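Small disclaimer: the values here were computed from a predicted structure and weren't measured. Order of appearance sets the numbers: ligands from 1, and atoms from 1 within every ligand. Note: hydrogens, waters and symmetry copies are ignored here, and every other heavy atom, side chains too, is used.
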Amino acid sequence: MRKNIVAGNWKMNNDLSETETLIRELKLQNKPADVEVMIAPSFTNLLQAFNTLKENPIEVVAQNMHFAESGAYTGEVSGPMLKSLGIKTVILGHSERRAYFGETDEMLAKKVDAALENEFRVIFCFGEELKDRKADNHETIVESQIKNALFHLDASALKNIVLAYEPVWAIGTGETASPEQAQEMHAFIRKTMADNYGTDVADGVSILYGGSVKPNNAKEIFSKPDVDGGLIGGASLNAEDFFAIANAF
Ligand code: PEP
């Protein structure tokens with residue numbers, strides 16, 4: 001059966017000492033059974049976070065990577081670099097990467113390929129903007145984001161893909177998709193996967209919801225049958241809040 005996952009995306013927050021402090025606090029929290037818990041610190045703190053959590057079930061993951069193995073890409077970080085630290089999972093396609101750094105579906109397809117070649121698990125993010133939802137285009141947009149970046153993959157590669165539906169209008173805004181809106185979209189995503197890869201693959205893919213998940217709304221969102229966890233931004237910067245969410249299944 002598919003896994004429940006709660007992943008904290010720290011974005012460009014926490015210097016080294018703040019990272020160490022937050023990890024110390026995270027270690028004190030009660031770990032949920034049957035939920036994979038991940039944190040994604042900044043690149044500069046990945047190694048320290050990874051080493052500090054070596055004996056701990058919290059997995060340290062990367063927020064992004066470049067598609068090239070190495071070369072003249074100033075300021076970028078490659079899959080082999082992350083792999084050499086021991087990182088096993090990478091987030092790709094976050095809406096902030098798409099909006100502020102020009103990441104397109106085509107570029108993301110290359111990043112997904114590079115990540116899988118480097119044997120990473122990929123948390124692939126996508127989601128519609130407010131204008132798409134208002135125009136009732138949200139399903140078309142989401143379907144094309146998934147198809148363009150993932151549907152060239154073989155079914156066997158899908159076991160290393162986690163989907164993260166993050167409506168852009170709900171990220172960092174305090175505005176959450178209602179549990180019903182989340183379920184409706186997650187069911188649509190699973191059907192899109194089933195239509196292309198069959199129900200066995202679709203039923204095995206974890207689909208996370210992201211967008212202003214907090215301790216007070218996580219339980220209702222996670223109770224929906226096609227919601228397999230969350231990608232958490234703001235609330236992942238507080239250890240108690242993050243673990244209240246991870247324990248909300
Ligand atoms: C995110 O950035 O992936 C996210 C969901 O952020 P927030 O929880 O702050 O809305």
> Is any N or O atom of Gly233, backbone or side chain, closer than 3.5 Å to an N or O atom of ligand 1?
yes
> Against heavy atoms of Gly172, which atoms of ligand 1 measure under 4.0 Å?
7 (P), 9 (O), 10 (O)
> For Phe67 and Tyr73, take the angle between the two ring planes, folded into 0 to 90°, and tell me which bin it lands in: parallel under 30, tilted 30 to 60, perpendicular over 60.
perpendicular
> Can you list the ligand 1 atoms lying under 4.0 Å from a non-hydrogen atom of Ile171?
1 (C), 2 (O), 4 (C), 6 (O), 10 (O)
> Cut-off 3.5 Å, side chains only: do Asn118 and Glu69 have a donor facing an acceptor?
yes
> Can you tell me if Arg97 uses its side chain to pair, donor with acceptor, with the backbone of Gln63 under 3.5 Å?
no
> Check contact between Gly211 and ligand 1, using heavy atoms of the residue and a distance below 4.0 angstrom.
yes
> For atom 2 (O) of ligand 1, find the nearest protein heavy atom and state the residue, atom name and distance (0.1 Å precision).
Lys11 NZ, 2.5 Å
> I want to know whether Phe222 and Tyr209 have ring centres closer than 6.0 Å.
no
> Distance to 0.1 Å, residue and atom name: give those for the protein heavy atom nearest to atom 1 (C) of ligand 1.
His94 NE2, 3.2 Å
> Among all the protein's non-hydrogen atoms, which is closest to atom 9 (O) of ligand 1, and how far away is it?
Gly234 N, 2.8 Å
> For ligand 1, note which part of Ala170 has a heavy atom under 4.0 Å away: side chain, backbone, both or neither.
backbone
> How far is atom 3 (O) of ligand 1 from the closest protein heavy atom, and which atom is that?
Glu166 OE2, 2.6 Å
> Check whether Arg2 reaches the backbone of Ala202 with its side chain - one donor and one acceptor, N or O, closer than 3.5 Å.
no
> List the steps, then state whether side-chain contact (heavy atoms from CB on, under 4.5 Å) holds for Glu59 with Ile87.
CA-CA 8 Å; Glu59 184 184 346; Ile87 300 295; over 6 Å; no
> Among Asn56, Ile58, Leu22, whose side-chain contact (heavy atoms from CB on, under 4.5 Å) with Lys27 holds?
Asn56
